[in-house]
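Take a look at the structure set out below.
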Amino acid sequence: MPIFSIVVPVYNVENYIYKCLNSISKQTIRDIEVILIDDGSTDSSLLICESFCSKDKRFHVFSKKNEGQGIARNLGMSYATGEYISFIDSDDWIE
């Protein structure tokens with residue numbers, strides 16, 4: 001079981017999502033799982049997430065119809081197995 005579960009709601013952020021995911025993957029804490037909830041994106045956000053997940057097994061993507069960020073976060077929490085849960089917006093990144 002990972003120490004941290006990081007939930008990232010994703011909706012139409014094809015210009016930002018790779019930078020967000022890449023910044024998470026480069027953190028020094030390696031014992032994480034990253035749960036990406038695609039909230040019905042109509043751009044290439046889901047494809048970018050799927051591509052990233054195929055390269056890093058700590059990342060998992062789930063897709064659902066568009067219902068808003070709050071519902072996407074709650075769904076992500078239901079998949080989380082970590083001791084702690086954190087949220088990162090898909091247009092943000094970690095230094």
Side-chain angles (χ1 to χ4, degrees):
M1 175 169 46
I3 294 175
F4 291 99
S5 295
I6 302 170
V7 177
V8 183
V10 176
Y11 180 73
N12 289 350
V13 286
E14 66 184 3
N15 294 328
Y16 310 102
I17 190 63
Y18 182 83
K19 184 174 183 178
C20 173
L21 302 181
N22 196 44
S23 75
I24 296 169
S25 73
K26 292 184 176 185
Q27 294 305 301
T28 57
I29 296 175
R30 307 295 299 163
D31 193 12
I32 63 170
E33 69 176 351
V34 183
I35 301 167
L36 310 171
I37 304 295
D38 178 70
D39 193 28
S41 294
T42 58
D43 64 1
S44 63
S45 296
L46 178 58
L47 293 174
I48 295 167
C49 290
E50 289 172 337
S51 175
F52 204 94
C53 289
S54 71
K55 297 172 187 163
D56 190 329
K57 298 305 176 197
R58 300 173 299 161
F59 287 69
H60 312 280
V61 64
F62 302 91
S63 188
K64 58 180 270 334
K65 70 177 185 169
N66 181 261
E67 296 177 290
Q69 185 179 38
I71 291 174
R73 285 179 182 227
N74 288 337
L75 180 60
M77 287 192 316
S78 74
Y79 289 121
T81 62
E83 187 173 345
Y84 302 99
I85 298 175
S86 177
F87 299 98
I88 298 178
D89 289 336
S90 53
D91 60 349
D92 290 337
W93 61 90
I94 305 169
E95 292 294 330

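Please read all numbers here as calculations on a predicted model, not as lab measurements.
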Next on the checklist: Counting C-beta onward and ignoring hydrogens, is there a side-chain heavy-atom pair between D56 and V34 closer than 4.5 Å?
Outcome noted: no

Checklist entry - Got a sec, which residues hit side-chain hydrogen bond (donor to acceptor under 3.5 Å, both in side chains) with Q69, two or more places apart in sequence or on another chain? => result D89

Checklist outcome for this item: Rounding to 0.5 Å, atoms CD (E14) and OG (S41) come to a distance of 9.0 Å

Next on the checklist: So does L75 get a backbone contact from the side chain of S78, meaning a donor-acceptor N/O pair under 3.5 Å?
Outcome noted: yes

Checklist entry - Is there a donor-acceptor pair closer than 3.5 Å between any side-chain N or O of R58 and the backbone N or O of S25? => result yes

Checklist entry - Counting N and O atoms only, with roles assigned by atom type, does the side chain of S45 sit under 3.5 Å from a partner on the main chain of V13, one being a donor and the other an acceptor? => result yes

Checklist outcome for this item: Separation between CZ (R73) and CD1 (I71), nearest 0.5 Å, reads 13.0 Å

Checklist entry - Are C53 and L36 close enough that some pair of their side-chain heavy atoms sits under 4.5 Å apart? => result yes

Checklist entry - If you measure from CD on E67 to CD1 on I37, what distance do you get to the nearest 0.5 Å? => result 11.5 Å

Next on the checklist: Can you confirm whether I24 sits close enough to I6 that some side-chain heavy atom of one is under 4.5 Å from a side-chain heavy atom of the other?
Outcome noted: yes

Checklist entry - Is the count of non-hydrogen atoms from other residues, nucleotides or ligands lying under 6.0 Å from Y16 atom OH greater than 12? => result no

Checklist outcome for this item: For F59 and L21 the tightest heavy-atom approach is CZ-O, 3.7 Å

Checklist entry - What closest approach, in Å, do E50 and V61 show between heavy atoms, and which atom pair accounts for it? => result CG-CG1, 3.9 Å

Checklist entry - Within the distance-only criterion (no hydrogens, no angle test), does the side chain of S90 pair as donor or acceptor with the backbone N or O of P9 below 3.5 angstrom? => result yes

Next on the checklist: Looking at D39 and K64, is there a salt bridge between them, counting it only when a charged N and a carboxylate O are closer than 4.0 Å?
Outcome noted: yes

Checklist entry - What class does the angle between the rings of F52 and Y18 fall in, given that below 30° is parallel, 30 to 60° is tilted and above 60° is perpendicular? => result perpendicular

Item to check | Check: F4 and D31 side chains under 4.5 Å, non-hydrogen atoms | outcome: no

Next on the checklist: Is there a continuous path of hydrophobic side-chain contacts, each under 4.5 Å between heavy atoms, that joins I29 to V8?
Outcome noted: yes

Checklist outcome for this item: Here the pair of heavy atoms bringing S5 nearest to T81 is OG-N, 3.4 Å

Next on the checklist: In the structure I gave you, are the side-chain heavy atoms of H60 and Y79 within less than 4.5 Å of one another anywhere?
Outcome noted: no

Item to check | Test item: V10 and L46 side chains (from C-beta on) under 4.5 Å apart, heavy atoms | outcome: no

Checklist outcome for this item: d(D38 CG, I17 CD1) to nearest 0.5 Å is 9.0 Å

Next on the checklist: I want to check something: taking the side chain as every heavy atom from C-beta on, are I32 and Q27 in contact at a cut-off of under 4.5 Å?
Outcome noted: no

Item to check | In one Ile/Leu/Val/Met/Phe/Trp/Tyr side-chain cluster, 4.5 Å: I3, M1 | outcome: no

